[in-house]
Structure formats: C-alpha cells, structure tokens
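Please read the structure below before turning to the comments.
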Amino acid sequence: MTDTTTSVGSAGRPDAGVSTLKGRTGSGAPAETRGKTTVADGVVAKIAGMAAREVPGIHNLGGGMARAFGAMRERVPGGGSGGGVTRGVKVEVGERQAAVDLNIVVEYGASIVDVTGDARSNVIGAVERMTGLEVVEVNIAVDDVHLPDEEEGEASEAGDGRVR
C-alpha cells in the first residue's frame with residue numbers, strides 16, 4: 001500500500017509557512033546561492049578610476065609624483081599595462097563592502113565641491129552596480145589644479161632644467 005498523506009502546516013494547508021527554496025541545495029537551489037563570488041581590489045580600483053575620469057572637471061588622477069612615475073613607467077616597454085587606470089586610486093575591499101580613496105587634479109575654474117560630489121556619486125554608482133559591493137566611503141584628495149596654459153608632459157619639464 002502507498003501512503004498518500006501530506007504534511008499539513010499550521011494554517012491547515014499543505015506546506016503552509018514553509019519556503020519552497022529554504023534548505024534546497026544542488027540543482028534545486030537558486031543560482032545566486034550556488035557558490036561564492038570574490039572581487040579583487042584591482043577590479044574595484046579600475047572601476048573607480050574609470051568612473052572618476054568620466055566626471056567633467058577632473059583633469060587627471062594621482063598626485064604629482066604618482067603622475068610623474070606613471071609617465072616614466074608608460075615609456076618603458078611592458079611597464080604601462082593598465083597602471084594608468086588605477087593611478088591615484090586606492091581601495092580596500094571586504095566581503096560585502098568597499099572603501100575608495102582618490103587623488104585628483106581638478107581643471108582650473110571648476111567648482112571643487114561640485115566636481116568631488118559628482119565624482120563621489122559616479123564612483124559609488126559604478127562600483128555598487130558592477131560589483132554588488134556596498135561602498136561605505138569615497139575619500140577624495142585634490143592634489144592639484146590644472147591651469148589652461150600647463151602642458152601635459154611633466155616628464156619633459158624635468159628635462160627642461162635651467163642648467164644645460
């Protein structure tokens with residue numbers, strides 16, 4: 001004989017109050033619960049760097065020394081492999097949260113308050129949307145103001161000394 005009885009929940013219905021997904025493993029479990037995803041610090045730094053560079057009024061990222069070393073590194077064969085994107089960006093990534101530090105150069109005439117606010121919003125939005133991590137803070141240090149008559153080559157300025 002076969003048993004055709006069903007378990008009845010507290011509300012008088014079969015399986016009342018029981019989640020159909022709870023306790024399931026293997027192929028019956030939802031895809032988002034099957035495994036663990038980790039996001040490397042470098043990935044978050046690249047996303048944050050790209051998002052910050054999209055903001056109008058930001059001329060460049062990185063302090064003076066970081067930009068100078070970056071320019072020299074890019075001239076060395078094999079030395080400029082993606083380092084430019086993360087220059088001026090430092091991140092700390094946990095299991096569910098991230099913190100971002102940016103060093104920026106602002107265009108002369110742009111409102112620093114507006115530029116940093118826009119950069120903060122853009123970085124938070126991009127990192128959270130692309131990684132699923134909660135961005136707990138974006139600290140921004142304005143290291144320089146780019147003047148319209150300044151040339152881009154900091155490395156060439158080093159070679160144009162007064163004494164020859």
Side-chain angles (χ1 to χ4, degrees), residues 19 21-26 29-161:
S19 170
L21 300 177
K22 189 173 185 175
R24 284 187 145 172
T25 58
E32 62 271 9
T33 63
R34 294 188 211 169
K36 182 178 177 182
T37 303
T38 56
V39 181
D41 293 11
V43 172
V44 176
K46 281 185 179 183
I47 293 168
M50 291 298 293
R53 283 179 172 79
E54 293 173 352
V55 175
I58 291 185
H59 175 72
N60 209 340
L61 267 65
M65 290 303 288
R67 288 195 320 269
F69 283 128
M72 289 181 4
R73 188 177 27 236
E74 288 172 3
R75 292 177 188 217
V76 175
S81 57
V85 176
T86 60
R87 185 181 319 131
V89 181
K90 189 178 106 182
V91 299
E92 292 180 33
V93 180
E95 287 185 30
R96 291 179 298 246
Q97 297 179 328
V100 180
D101 295 329
L102 298 174
N103 290 9
I104 66 172
V105 178
V106 177
E107 292 286 349
Y108 176 79
S111 167
I112 292 174
V113 172
D114 291 343
V115 169
T116 56
D118 292 346
R120 195 169 277 115
S121 296
N122 209 36
V123 167
I124 289 170
V127 171
E128 288 184 348
R129 179 176 41 83
M130 293 178 73
T131 66
L133 295 169
E134 176 192 4
V135 178
V136 293
E137 64 182 9
V138 177
N139 300 310
I140 301 175
V142 180
D143 289 334
D144 201 359
V145 174
H146 178 258
L147 302 175
D149 59 344
E150 286 181 335
E151 292 297 318
E152 275 301 305
E154 279 104 341
S156 66
E157 290 176 12
D160 295 340

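Note that these values count all heavy atoms, side chains included, but never hydrogens, waters or copies made by symmetry.
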Among Val39, Val43, Ile47, whose side chain to side chain contact (heavy atoms under 4.5 Å, CB included) with Val127 holds? Ile47

Considering all heavy atoms, the nearest [X]-[Y] contact:
{"X": "Ala119", "Y": "Ile140", "answer": "CB-CD1, 4.1 Å"}
{"X": "Val105", "Y": "Gly62", "answer": "CG2-O, 3.7 Å"}
{"X": "Leu61", "Y": "Arg87", "answer": "CB-O, 3.2 Å"}
{"X": "Ala52", "Y": "Ile58", "answer": "O-CD1, 3.3 Å"}
{"X": "Lys46", "Y": "Val85", "answer": "O-CG1, 3.7 Å"}

Check: Asn60 and Asp144 side chains under 4.5 Å, non-hydrogen atoms: no

Decide yes or no on side chain to side chain contact (heavy atoms under 4.5 Å, CB included) for Leu133 and Val44, but give the supporting numbers first. CA-CA 9 Å; Leu133 295 169; Val44 176; 4.0 Å; yes

Listing, residues 90-102 side-chain donor-acceptor contacts under 3.5 Å, not counting sequence neighbours, or none:
residue, atom, partner, partner atom, Å
Gln97, NE2, Glu134, OE1, 3.1
Asp101, OD1, Asn139, ND2, 3.0

Which distance, rounded to the nearest 0.5 Å, do you find between the CD of Glu137 and the CD1 of Ile124? 10.0 Å

For residues 106-113, dump all side-chain donor-acceptor pairs below 3.5 Å to protein atoms at least two apart in sequence or in another chain.
residue, atom, partner, partner atom, Å
Glu107, OE1, His146, ND1, 3.3
Glu107, OE2, His59, ND1, 2.8
Ser111, OG, Asp114, N, 3.2
Ser111, OG, Asp114, OD2, 3.4

